[in-house]
There are 2 protein chains.
Amino acid sequence: MAVSIPRPGTPVRGSKTGKPIMALFDLLGRSWTLGIIWQLSEDALTFRDLQSRCEGVSPTVLNKRLKELKECALVDHGGEGYRLTALGQELFALLAPFGSWSQNWSRNVFGEQGGEE
Amino acid sequence: MAVSIPRPGTPVRGSKTGKPIMALFDLLGRSWTLGIIWQLSEDALTFRDLQSRCEGVSPTVLNKRLKELKECALVDHGGEGYRLTALGQELFALLAPFGSWSQNWSRNVFGEQGGEE
DNA sequence: CCATATTGCTACCGTTTATGTAGCAAATAT
DNA sequence: ATATTTGCTACATAAACGGTAGCAATATGG
């Protein structure tokens, strides 16, 4: 069914219900969506800065994700580059605890070598 | 590079750093991972129950996700079916606020039709 | 005991998505 | 005017996903 933007109320990739949480999970469950939000949490970034912070993700995918995130009102593109909207910042606030949790998870499951950040 | 399990400390899909947060985002950024955790938050479920709650996701994908989640110590498979581990429940606790936030997001961005849950 | 059903799962194959490189038009800087 | 930088598109290849069919193992019922 080749879904582009996972609007709530509309069926999304794999999901026929269109519940908001499923639409959100569909959006967040695409490659680099979470990473993009994470990287934009501090500063606005240019396309290429964002690309390099996302480990050199291909511009094709980066541009797709940015379009989706703009259409879902989580990211916009002002004079200083791409940045989170107010809603995007709200979402990042929910996401922020994942940072320290992931370190704890890493230590518990995989040992000490998990490393920084 | 065909990455199977996104262990922190090891390069993951697209990411060369292996930072825990990137490993976690890689894991969560695969189709149905978030949905599976969401569905297992209340009860243990059999493979087929879980499949039907995930809108009939194909068994191929479901089995892949379950293997990954088991290997990452977020899900296990006891006598009553698949269920979240203690770590999995911790992660769900971080994820739970996304439910109500997604409803608010849906109303703000797409209008009122977003619907329940 | 034998048939039936359920469970967890694998094989296959076609479609979709992602990756990776090259490069172009517009804006900015020198 | 020349050279960079920026945002982005066009391919081609590789990986992931979706969907159906079906199998071995364990229950369940007659």
Side-chain angles (χ1 to χ4, degrees), chain A residues 1-6 10-17 22-23 25-37 39-40 43-72 75-83, chain B residues 1-6 10-18 22-23 25-36 39-40 43-72 75-83:
Chain A
M1 182 213 289
V3 176
S4 51
I5 307 297
T10 298
V12 292
R13 181 177 63 169
S15 171
K16 283 91 181 174
T17 62
M22 287 301 149
F25 282 173
D26 181 38
L27 183 66
L28 300 182
R30 298 175 183 193
S31 65
W32 285 108
T33 302
L34 290 165
I36 290 169
I37 295 171
Q39 295 297 338
L40 291 180
D43 327 284
L45 294 173
T46 67
F47 188 92
R48 279 173 136 91
D49 282 346
L50 184 53
Q51 185 184 18
S52 71
R53 292 222 198 176
C54 290
E55 312 283 346
V57 56
S58 78
T60 318
V61 171
L62 181 56
N63 192 42
K64 265 192 193 177
R65 290 300 97 85
L66 287 170
K67 274 184 184 169
E68 293 161 5
L69 288 167
K70 277 187 281 188
E71 198 145 347
C72 292
V75 164
D76 64 10
H77 188 214
E80 309 177 23
Y82 289 96
R83 63 185 171 190
Chain B
M1 182 211 289
V3 176
S4 50
I5 305 298
T10 298
V12 291
R13 181 178 63 170
S15 171
K16 284 90 183 175
T17 61
M22 287 300 150
F25 283 174
D26 180 39
L27 184 67
L28 300 183
R30 299 174 182 193
S31 65
W32 285 108
T33 302
L34 289 166
I36 289 168
Q39 294 299 338
L40 290 181
D43 327 282
L45 294 173
T46 67
F47 188 92
R48 281 174 138 90
D49 282 346
L50 184 54
Q51 185 184 17
S52 72
R53 291 222 199 177
C54 290
E55 311 284 347
V57 57
S58 78
T60 317
V61 171
L62 181 55
N63 192 41
K64 267 192 191 174
R65 289 302 96 85
L66 287 171
K67 274 184 184 170
E68 293 161 6
L69 288 167
K70 277 186 281 186
E71 198 146 346
C72 291
V75 163
D76 65 8
H77 188 213
E80 308 179 23
Y82 289 96
R83 61 183 174 192

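Below, chains carry the letters A, B, ... as their sequence lines are ordered, and counting in each starts from 1. Just so you know, these numbers use all the heavy atoms, side chains as well, and skip hydrogens, waters and symmetry mates.
- The side chain of A:Lys67 places an N or O atom within less than 4.0 Å of a non-bridging phosphate oxygen (OP1 or OP2) of D:dT9.
- A:Asp43 meets the side chain to side chain donor-acceptor pair (under 3.5 Å) test with no other residue; sequence neighbours excluded.
- By the side chain to side chain contact (heavy atoms under 4.5 Å, CB included) test, A:Thr46 is found to be paired with A:Arg48, A:Asp49, residues two or more places apart in sequence or in another chain being considered.
- Overall, the helix from C:dC1-D:dG30 to C:dT30-D:dA1 carries an axis bend of 30° between its ends, with five pairs at each end and the value rounded to 10°.
- One can place CG of B:Asp26 at 15 Å from P of D:dA15, the figure rounded to the nearest angstrom.
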Interface polar pairs with nucleotides 4-7 of chain D, N/O, under 3.5 angstrom:
residue: D:dG7; atom: OP1; partner: A:Phe47; partner atom: N; Å: 3.4
residue: D:dG7; atom: OP2; partner: A:Phe47; partner atom: N; Å: 2.5
residue: D:dG7; atom: OP2; partner: A:Arg48; partner atom: N; Å: 3.3
residue: D:dG7; atom: N7; partner: A:Arg48; partner atom: NH1; Å: 2.5
residue: D:dG7; atom: O6; partner: A:Arg48; partner atom: NH1; Å: 3.2

Every protein N/O within reach of nucleotides 11-14 of chain C N/O, cut-off under 3.5 Å:
residue: C:dA11; atom: N6; partner: B:Thr60; partner atom: OG1; Å: 3.2

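- B:Arg83 has a carboxylate O that lies under 4.0 Å from a charged side-chain N of B:Asp76, or vice versa, which qualifies the two as a salt bridge.
- Partners of A:Asn63 under the side chain to side chain donor-acceptor pair (under 3.5 Å) rule, at least two apart in sequence or in another chain, do not exist in this structure.
- Going from atom CZ of A:Arg30 over to atom C1' of C:dT17 covers 10 Å, rounded to whole Å.
- A sub-4.0 Å separation between OP1 or OP2 of D:dC17 and a side-chain N or O of B:Ser31 is present.
- By the ring pair (Phe, Tyr, Trp, His ring centres under 6.0 Å) test, A:Tyr82 pairs with A:His77, sequence neighbours left out.
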